[in-house]
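Structure first, commentary second.
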2 protein chains.
Amino acid sequence: MVSSKSTNLTTVYRSRRRALLRAAARQVKIDAMLVTNPADVGYLTGFSGDDSFALLIGDKPFLLTDGRYDEQAAKECPGVEMYVRTGKMSLAVADVLRGKGVRRVGVQREHVTLALHKALSDALGKRKLIELSNLAAGSRETKDDIEVRAIRKALRIAEKAFLELIAGGAKRFLGRTERQIAAQLDHRMRDLGAEAPFFETIVAVGPNGSRPHHRPGSRRVKRGDPILLDWGARLGGYGSDLTRVVFTGTIPPEFTELYTIVLSAQKAGIRSIQPGKTCKSVDRAARSVIEAAGYGEKFVHSLGHGLGRDVHEAPTLTKTNPKRLRAGMIVTVEPGIYIPGVGGIRVEDDVLVTSRGAKRLSRLPRDIEAMRLR
Amino acid sequence: MVSSKSTNLTTVYRSRRRALLRAAARQVKIDAMLVTNPADVGYLTGFSGDDSFALLIGDKPFLLTDGRYDEQAAKECPGVEMYVRTGKMSLAVADVLRGKGVRRVGVQREHVTLALHKALSDALGKRKLIELSNLAAGSRETKDDIEVRAIRKALRIAEKAFLELIAGGAKRFLGRTERQIAAQLDHRMRDLGAEAPFFETIVAVGPNGSRPHHRPGSRRVKRGDPILLDWGARLGGYGSDLTRVVFTGTIPPEFTELYTIVLSAQKAGIRSIQPGKTCKSVDRAARSVIEAAGYGEKFVHSLGHGLGRDVHEAPTLTKTNPKRLRAGMIVTVEPGIYIPGVGGIRVEDDVLVTSRGAKRLSRLPRDIEAMRLR
């Protein structure tokens, strides 16, 4: 079984690398490509550690890593040749390229520092470094089955951790700080098998909810406070991203109104998703619900973003993005309304674009009644 | 009280910026400096968020941030002028520089990508970008009182979390996975006020301890297993870094021997610390104890590293580093012995170099008896 699974993965990674090389070839002629963005390294080889580069020579892949990761890399990277370096990365690159007739090496301009570029130039002698832009972004936009499965798995853990947290009722929250609640949720996710939170968990109590990117602090929950949670689990290189607002007591009528509007906007956004539709039209579908309710200026961010190895990937669902959706893309849909001094409401789910429209990958309830803690 | 504290901090940050500018002036003539390394941005302004640059024009400091961080920045950065950008960072830099007669702007070659460099070149027109190397590293090597206090605070949290974890005795560990134990320790640190773990907590059970950078996995603790923990708390931009090995039952004699050697080596390393001594001589003092015991080849890494805003800073205590210690430096001292298939022992504390020698900042016990869980 293991061997058939590896073969399968070998094929997956090989096909990803070939697509990448084709994309690069459309940009410029190169013989080799150095991949330095960790998310792209993982995407092209399966490797999940740090401080390692992938090097594609023609379509032969190498992973340049060090002694901390050699066992892990051998396990994770079927069909990839390992180079365990002991010296500088630039010298390792030169070493692997030696004698292979390579003249032009592509590098990622968004993921190579001036210092590394200089070190590579020095180490590679007459070979030319060719700057390439947003290398794997195009291939990574649509997810294959293995990636969809990984994101689903990360979602299941995040959902379970949240449900366990709120199953304790309001008393699990009252008197606790934002930071403690975030720590609790993160701990639950890791206990359930997540490698880490996918990003810094947001817990915003009461009026703090009006800041979309609030960092958890020392504010404590009082009865009646709404609590906004934005959290995700990371597992096997992929992550999930969800937002819910829960209520510790009677829901104040103004929040009921805001919640109803935001949820309608989210549903409208999700309904509008179809292959061929532009990203901005999806943003519009949701935003117009909020505008019609008179809160347009309080929806201060974009509707959503692509999700995968990075928390924010292409495509983004912004007001202006003309890109068209394709089946296999996974995006967040997360409208919000933020009232300074009062609080904020955001409802976020992760959605797969399929040939028949949107499929919500997240399974958490989103009705306001389910968000009321007993 | 707040205002006198702010004045004090303003003075601290101003003096850090002046030292940095003097250091840069020794490299090359510039009128302004763009600081893009987040740790340096924090060091020079007090800011603890992400995605923000510091720009020093002469000795006038600016922080270029966005709407997520404006309130936080205003609180954290006394005496620093805010620029809240809505567009690209490169355009924000150009905007702040406009009309100030700046011709030569220093940039950090280790912390500017090719893409950012190009965007800045385009945005800054005739102004010249001058590449500077390891900008703040020199100033950041020695810590001022505020920094020492911050690291002590991070240590107290990490120590308390560990002591609470082991106070539960062996039953708190038996049957649990490395990942669960790491999650538990991280949760305790955050509950005690840490912003986050300072790095990915290492928990290595039994033979896994032989890999110095083991990542916590699904191995479960069985009675008799030694457990190596390497963990730190981050708070206010600074962190701590400690390692202990605890034992779940009778300590096997071979581990008693290894532990005794490693602890002697650590003490010898710490005793040898004096201003003026070279880093390599401190490594030697500890390493010779392990060599004399016949395990020289099993001590596969350096003795320690500087600690502060980054987990690994200058100076490093390696076999070959000729740098001389100065009062105010803070380093880890962490010898280890690693036996593949058997396990590993490492004991790590954080030490301040003072005019009278080393002062151990960590207060955890390190005798083997204290590491035996009941």
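Proteins get letters first, then strands, A, B, ... in listed order; numbering begins at 1 in each. Since we're looking at a predicted model, the values are computed, not measured.
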Problem - Top of Arg176(B), Glu195(B), His117(B) for chain A proximity - count of heavy-atom pairs under 4.5 angstrom - result: His117(B)
Problem - Which portion of Ala194(B) sits near chain A, non-hydrogen atoms under 4.5 angstrom - result: backbone
Fill in the blank from the handout: Checked His111(A), Arg211(A), Glu200(A), His214(A) vs chain B; the most non-hydrogen pairs under 4.5 Å come from Arg211(A)
Practice task
Check Asp122(A), Leu124(A), Leu120(A) against Ser90(A) for a side chain to side chain contact (heavy atoms under 4.5 Å, CB included) and give me the one that passes.
Solution key: Leu120(A)
Exercise for the section: May I ask you to decide whether Glu178(A) forms a salt bridge with Arg219(A), counting only side-chain N to carboxylate O separations under 4.0 Å? Expected result: no
Problem - Distance-only side-chain donor-acceptor flag, Tyr338(B) / His301(B), under 3.5 Å - result: yes
Exercise for the section: Heavy atoms only, distances under 4.5 angstrom: which of Ala196(B), Pro216(B), Ala182(B), Ser218(B) has the most pairs with chain A? Name it, please. Expected result: Ala182(B)
Problem - Arg188(A) versus chain B, the contacting section by heavy-atom distance below 4.5 Å - result: neither
Practice task
Below 4.5 Å from any heavy atom of chain A, which atoms of Val107(B) appear? Answer side chain, backbone, both or neither.
Solution key: side chain
Practice task
Side chain from CB out, backbone as N, CA, C, O: work out which of these in Glu131(A) comes under 4.5 Å of a heavy atom of chain B, or both, or neither.
Solution key: side chain
Exercise for the section: For the pair Asp241(B) and Arg234(B), find out whether any cationic side-chain nitrogen is under 4.0 Å from an anionic carboxylate oxygen. Expected result: no
Exercise for the section: Can you label the angle between the Phe162(A) ring and the Trp231(A) ring as parallel, tilted or perpendicular, going by 30° and 60°? Expected result: parallel
Problem - Note: Asp40(A)-Arg140(A) ion pair, threshold 4.0 Å (strictly below) - result: yes
Practice task
Using non-hydrogen atoms and a 4.5 Å limit, figure out which bit of Asp186(B) sits close to chain A: side chain, backbone, both or neither.
Solution key: side chain
Handout entry: Which atoms of Thr36(A) approach chain B - backbone, side chain, both or neither, heavy atom under 4.5 Å
Key = neither
Practice task
Could you tell me whether Arg68(A) and Asp50(A) have a side-chain N and a carboxylate O separated by less than 4.0 Å?
Solution key: no
